Amino acid sequence: MIKQKLLNHLSSALQQAAPQLNNLAVDDTMTAAFRLERPRNPEHGDYAVNVSFLARHTKMAPPKIAEVLQGVLSDDRMIVTVVGGYLNFQLSTAFLAEALVGIIHSPAPGCNDGLSEERVLLEYVSANPTGPLHIGHGRWAALGDAIIRLMRHCGAEVTAEFYINDAGVQMGNITTSVYWRCVELLKADGLLSGPVELPETLPYPGEYVLDVAKAYLADAQRQAHLLSASPSEPSAEARQAIQDFSREFLLSDQRALLDRMRVPFESWISEKEYLYDRGVIPETLDALTRKGFTYEAEDALWFKSTEFGDEKDRVLRKSDGSFTYLMPDIAYHHDKFSRKDDQGQARYNRILNIWGADHHGYIPRMRGAIQALGHSPDQFEVLLGQLVNLIVDGERTRMGKRRKMLTLQDVVDEVGVDATRFWMVSKSADTSLDFDVDLAASATSENPVFYVQYAHARCCSILRNAVESPVNVDSGEVAQPFVTAEALQVFEQNLNIQTLAPLFDSLPDPKEQQVLKALLLMLDGFEDVVRDAARFRSPHFVTQYAQDVSAQFHSFYGVCRILTPEPSLTQARLMLIRAIQKTLAQALDLLGVSAPERM
RNA sequence: GCCUCAGUAGCUCAGUUGGAUAGAGCAACCGCCUUCUAAGCGGUAGGUCACAGGUUCGAAUCCUGUCUGGGGUGCCA
C-alpha cells in the first residue's frame, strides 16, 4: 500500500530531522498522528499531510517544520513540496505501477490481518418464530452478514449465530392465534357446527396465520384430533402440537428466506431446548444469587442491575413463577462467554450482537449481568441498528409485525436480493432507513447497485472482447483478437513495473493522467476501506467505495480506449481493467451482492 | 422528565481519532451513441453543515445549552 509506505517514510524522516526540530523527542504517538490524505485539489499533490500538530511540540512554525521534513524526505519516486504547514507528495508512475502489480498478484484484494486477534461470536436476526421476517430483520441480516465477511477479510474468526426465541409469552400467543384460525377454517368447511364464538381479535392477526392453520389441518389425523375436542378451549396436548408445528413451519420459512438472501448461520440456538430444557437457566440464576446480586420482593425475583449503572433493578422471575425474557437471555450470554475451544481456552474474545434500536435500554442491564457473572463487559458489544421505514406509494409506514404489511419476503420478491442487500447496508446503521419499495423496484437506473454491477460487467466484457476474435457485422470476416488469452496470461504472470510503462506513457493529456492516477490510488486504498469498515462495523464504507471506483472507471472508459492495435499498450491497460474488476468483485462479495459478468 | 440516535443541496444520504475551496446519488437544466455495454460520460445550477455559545493556529467534526424528529423508558420480546 502506497499510503503505508509514505507513512513509514514520514516516521523515519521525523526521527532523522529531530535535531533540526529543537531536538524533538520523537515518540510513537507523534508518528501515529500523521494524517495522510488525498487532497481534493490536484495542485496539492497525490497525497498530503498536515504537520501543524508538531508546532506545539517543537515550538516552531508549521511551514518551517514542513521545510525541515522536506529536506530529509528523499525518494526519487516522488516530489515533495511545501505549502504552508502541508507537505504535498507528487508520486511518480513507479509507485502507481507497483500498486497495480500488487493488486493483480493478490489472491484477494483488500485482505489484511487488522483483526487477526479477534475471535467473534456474532448473534443477529434472532427473530421469534411467530411470523415472517420483517423489513428490519432484512437490515440486520444484510448488515450482520456483511460485517462477518468484512471481519473475516481482516483475519478475524467469526461464528454467526441465530437465537431462536421459541419460549415465552409470544409462543403462547401464536399458538392461540393458529388455533382459532383452525377453528375458523373448520367452521367455514362446515365440519364444525354449534355455538362457537371466535375471539374479536387474535394476538397475531396476520393473514399468514391462516396459512399455518391450513398447513396444520392438511394432516387428517391432526384435523380429527381437533374436531374430537371441545372447540371453545384446546387441550394442552393440542396446544403443544400446534405450537410445535407453528414453530417449525414459521422457522423454516425464515430459514428459507435467509438462505435465499445468502445469509448463512453456522449455529442455531433454541431458547427452549438450549436454555430451558438443559437447565442452563437455573445454573445461571444460582450463580447470580451466590454472588449476591438477586433479591426477592413483591413475589418476584430481582436482579440488582442498579449496582452496574442501570437505572432500576430488573425482574428475573415474575410473580407467576415464569421467567422474564431477561433471565434466559442472561443465561444465554453467560453461555456465550463460557464456551471453550479444544484447548479449553475461551472460544471467543468478542461477543457481538446486532439489536434493533428499540432494545437500546436493554444494554445496561445485560452488560451488568455479564459483569456480575464475572465476564469482561468490554468484550460485549452491541451494534444498534436504527429502524426501517417502508415507503409504499410515497407514504411512510412504520415497520411492525402485528399489522398486515409488506414483509421482507415481499420486498425481496419485488426488488431482488442484490438490491435489497446493497440498499440495506448503504446507510450508516445509526441512521433510520427509508426503504422506498417502489423506487427500489422500478429504479433500475437510480439504484446504485446496478451502477456498480454494470461497471463490473463492463470490465468483464472488455476482458472477454480482448481475447475473442471480432467478427465484422457487414462482411462476416473474422479478425485476429487484440491479444491471445495465452499471451495475456503470460503478461499477467510476469507483470512488473517496466511492462506497465505504456499504460502511463500513452496518456499525454494531464486530465486523463489525473483520472488514471485517481483510479490507481483508489484501488490501492481498498485495504484501508475494508479495515475501517470492519473495525467500525460499517459496511456502508464499502458501498460508498464501490460506487466511487465505478464512477472513476466509467470516467476512464470515456477518455481512454482499452483495446488498441498495439499489444503492449493493450495488455498494460487490460491489467488496469483486471484490477478494477477484481476489486469490484471483491467489494461486492464482501457485501454479499453478486458480481454479474454480463448485464 | 430521563436515556439514545439523528438534524449537512429541492429529496435520500456520505463526511470515525479536528485540517487546504464541505461531497455523492436522485430530481432540474445543457450537451454526448458509426467506435471495447448510453444501466454510461461531460457540463451548469443548487449550502447561515438546526440554533447559540465555548475550546484553539483551525470545528460539519470536540464540549455546554436550546429547538425539531425517530426510538426507548413493562413482572412484553
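Just so we're clear, the structure is a prediction, and the values are computed from it rather than from any experiment. In what follows, chains are A, B, ... by sequence order, proteins preceding strands, each numbered from 1.
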Could you measure between the two C1' atoms, the one in B:C36 and the one in B:A45, and give it in whole Å?
-> 34 Å
side-chain contact (heavy atoms from CB on, under 4.5 Å) involving A:Gln514 - partner list, sequence neighbours excluded | A:Pro42
Counting only non-hydrogen atoms, which of residues 31-40 of chain A are less than 4.0 Å from RNA chain B?
-> A:Ala32, A:Arg35, A:Glu37, A:Arg40
P spacing across the pair B:U17 / B:C32, given as an integer number of angstrom = 44 Å
C1' atom, B:G15 versus B:G23: distance in rounded Å?
-> 7 Å
Residue pairs involving residues 548-557 of chain A (criterion side chain to side chain donor-acceptor pair (under 3.5 Å); sequence neighbours excluded) = A:Arg458-A:His554
Between B:A24 and B:C67, how far apart are the P atoms? Round to whole Å, please.
-> 35 Å
When we call it a touch if two heavy atoms are under 4.0 Å apart, what does A:Glu298 touch: a base, just sugar-phosphate, or nothing?
-> base
Does the side chain of A:Lys312 get closer than 4.0 angstrom to OP1 or OP2 of B:C2 through an N or O atom?
-> no
At under 4.0 Å between heavy atoms, what does A:His554 touch on the DNA or RNA strands: base, sugar-phosphate, or nothing?
-> sugar-phosphate
Mind checking side-chain hydrogen bond (donor to acceptor under 3.5 Å, both in side chains) for A:Ser319 and listing every partner two or more places apart, or none if nothing turns up?
-> none
What nucleic acid atoms does A:Ala457 come within less than 4.0 Å of, heavy atoms only: base, sugar-phosphate, or nothing?
-> base
Looking at residues at least two apart in the chain, or sitting in another chain, which of them share a side-chain hydrogen bond (donor to acceptor under 3.5 Å, both in side chains) with A:Thr58?
-> none
Residues that A:Arg573 engages under side-chain hydrogen bond (donor to acceptor under 3.5 Å, both in side chains), provided they are two or more places apart = A:Ser506
When all nucleic acid strands are considered with a 4.0 Å heavy-atom cut-off, which category describes A:Ser538: base, sugar-phosphate, or nothing?
-> base
Taking only Lys NZ, Arg NE, NH1 and NH2, and the carboxylate oxygens of Asp or Glu, determine whether A:Glu161 and A:Lys336 approach each other closer than 4.0 Å.
-> no
Sequence neighbours left out, what passes ring-ring contact (aromatic ring centres under 6.0 Å, His included) with A:Tyr163? Give chain and number order.
-> A:Tyr332
Where does RNA chain B pair, written as one dot-bracket string 5' to 3', with Watson-Crick or G-U pairs under 3.5 Å, ( ) inside the strand, [ ] for crossing pairs and | for another strand?
-> (((((((..((((.....[...)))).(((((.......))))).....(((((..]....))))))))))))....
Enumerate the residue pairs fulfilling side chain to side chain donor-acceptor pair (under 3.5 Å) with a member in residues 31-48 of chain A, sequence neighbours excluded, ordered by first and then second residue.
-> A:Asp46-A:Lys517
